[in-house]
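Pasting a structure here, questions to come.
In this text, all values refer to a predicted model and were calculated from it rather than measured experimentally.
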Amino acid sequence: MSRKLHINLILAILFAICIGSPLSAWSEKLSLSECLQRARTENPTLRTNAKDLDAVKLEEKLAKSGYFPQVNAQGGYTSQLKPQGMEFEGMNIAEQDPNFASASLDITQTIYDFGRTASRKEQALNHIEAARNSYKASEQDVFLQVVKNYYGIMQNEELLTMAQDEVKQREQHMGVAKTLFEEGVTTRNDLLQAEVNLAGSRQKELSAENNLQNSWLSLNYLTGQPLTYRADLIEEEILPLDTKDTENNLLENRQEILSQRARIRAGEAAVKEASSGFYPEFYVQLGLDYVQNSKVTEQAIMGATVGFKMNIFEGNATIARHRQAVEELYREQERLRDLQDSVKLELETAKNDLTVARERIKVTKTAIEQGEENLRINSDRYKAQVGTATDVIDAQTLLSQARTDYYQALFDYRVAIARIKRALGEL
């Protein structure tokens, strides 16, 4: 064999090894921290909420405009059939040109409006603070979803492996049942029973694979990755906080509560603004008016005015606006009380679930050991023809259930820790 043929054969073998090797050997490693960071910058929902926050920030500029003067300009050209005139001793004297240009410029500055502009600015600032804290709250909600899907993928990977193991167990049992049937030791019923249970296990395997793929799709959406993206997840645990000190500050740190308090302050400012409608507004105005007219000596007139304006009656609209602002404030205060109770309930529920999940992990670990021993004993008894096929299948089912319960308890434990951190606003 020539040297060139040897080289080609070696390259072909290496290529075959690379193709046949598991893809995971070259897969990217992905940690929970990296997923959370990707969600912070790439999540579609958070990106949309960030744009909403930018829009709310413009309210401050709009509210501050009341502190600056208003400048208005106007101009035009008028053509009349006949110019305006007057009768004097039987003569008609024109007072203006038939065609003329006109222009005006006025600058108006509010001097005092009983806190109306200041109240609008206060509302805007509190709306911005409320929106900023709402964004942080939505970020925490997205992070909790990321945690659930991250650990959900780990759980589904384990459940898929368990389903594959169960298929192997069913296949082994069916092989034993088939051998014993062919030897005439057992009836065909044992073989049929084994085939039916094997088909059920294969369906379970397909379902586990589907759940795993769906979990990846959800995680990729939450983190802004392509739907086809896959990686090897790193076993990274969320360390629980020392909740003794944090619980005391629960109502001071939770983003939703801070946001709601800002809305209440904005509501109080809205009541002040509505109240200012009962009072006048003082202003100063500078004006320049020009009318093209060859009949007069002064075509441009400048003037200054110090005055006030006040609405006397507008169909009780001012009273209605004030009452509406007061009712909205009461509603926001009720929402705060309900939110505080809801947050406390959320924390206590997560703590209870954490305690129960921790105990479930201990119990299910023992159950798995017992289930494995039970399956070994019943398999040996069936082979020795002192046990039944039903005993073996029941033992396999019990072991699968124990393993499923364990992975579910582990998932619930990890998620409960994340829920506690979410309740404390520290995820």
Which atom pair, heavy atoms only, marks the closest approach of E166 to S201?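 Closest pair (atom of E166, atom of S201, distance): OE2-OG, 2.7 Å.
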For atom OH of Y77, decide whether the heavy atoms of other residues, nucleotides or ligands shown that lie under 6.0 angstrom number more than 12.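 Count over threshold, so yes.
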Using a 3.5 Å distance criterion without hydrogens, assess whether the side chain of N210 forms a donor-acceptor pair with backbone atoms of L206.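 Not confirmed, N210 side chain does not pair with L206 backbone.
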Decide whether D190 and Y382 meet the rule of one side-chain donor and one side-chain acceptor closer than 3.5 Å.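 Their side chains do contain a donor-acceptor pair, which is all the 3.5 Å distance test asks for.
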Indicate yes or no: does E334 engage R331 in a salt bridge with an N to O separation below 4.0 Å.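 Looking at E334 and R331, the cut-off is not met.
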Report the distance from atom CG of L160 to atom CD of Q155, rounding to the nearest 0.5 Å.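 One gets 12.0 Å once the value is rounded to the nearest 0.5 Å.
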Stepwise salt bridge (Lys or Arg N to Asp or Glu O under 4.0 Å) check, R254 with E346: CA-CA 12 Å; R254 182 67 182 253; E346 181 182 338; 3.1 Å; yes
Salt bridge check: are E314 and R321 linked by an N-O gap of less than 4.0 Å?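 R321 and E314: salt-bridged.
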Is E256 paired with R422 through a side-chain N to carboxylate O contact shorter than 4.0 Å?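 The answer is yes: the pair qualifies as a salt bridge.
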Ion pair check, E373 and R376, cut-off under 4.0 Å: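 The answer is yes: the pair qualifies as a salt bridge.
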What's the verdict on salt bridge (Lys or Arg N to Asp or Glu O under 4.0 Å) for E139 and R40, showing C-alpha distance, side-chain angles and the deciding distance? CA-CA 7 Å; E139 188 179 66; R40 177 178 283 111; 3.6 Å; yes
For E327, look at atom CD and say whether over 12 heavy atoms of other residues, nucleotides or ligands are found less than 6.0 Å away.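 Counting other residues, nucleotides and ligands, CD of E327 exceeds 12 neighbours.
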Would the distance check show the side chain of E332 and the main-chain N or O of G267 forming a donor-acceptor pair, the cut-off being under 3.5 Å?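 No; zero donor-acceptor contacts below 3.5 Å.
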Pairing of K178 and E195 as salt bridge, 4.0 angstrom limit: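 No, this pair does not count.
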One thing to verify: whether E348 and K351 come together as a salt bridge, which I'm taking to mean a side-chain N less than 4.0 angstrom from a carboxylate O.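 Yes, charged N to carboxylate O under 4.0 Å.
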OH-OG1 distance between Y135 and T45, expressed to the nearest 0.5 angstrom: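 Here the interatomic distance stands at 10.5 Å.
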Closest heavy-atom pair and its distance - N311, T318: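 The answer is OD1-OG1, 4.4 Å.
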Could you tell me whether F411 and Y413 have their ring centroids closer than 6.0 angstrom?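 Ring centres of Y413 and F411 not closer than 6.0 Å.
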Can we say D391 and R381 salt-bridge, meaning some charged N sits less than 4.0 Å from an Asp/Glu carboxylate O?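 Salt bridge between D391 and R381, a charged N being under 4.0 Å from a carboxylate O: no.
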Geometric class of the F278/H322 ring pair [parallel <30°, tilted 30-60°, perpendicular >60°]: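 Plane angle over 60°, so perpendicular.
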Do side-chain atoms of D106 reach the backbone of G287 as a donor and acceptor pair under 3.5 angstrom?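 Here the side-chain-to-backbone pair does not exist.
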Establish, from distance only, whether the side-chain atoms of R120 and S276 form a donor-acceptor pair under 3.5 Å.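 Checked: R120/S276 side chains show no N/O donor-acceptor pair below 3.5 Å.
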Between N149 and Q145, does any side-chain donor sit less than 3.5 Å from a side-chain acceptor?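 No - no donor-acceptor pair under 3.5 Å links their side chains.
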Would you check if the side chain of N43 reaches a backbone N or O of L222 as a donor-acceptor pair within less than 3.5 Å?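 Between the backbone of L222 and the side chain of N43 there is a qualifying donor-acceptor contact (under 3.5 Å).
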NZ/NE/NH1/NH2 to OD/OE distance under 4.0 Å, E268 and R265: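 Between R265 and E268 there is no salt bridge, as every charged N stays at least 4.0 Å from the carboxylate O atoms.
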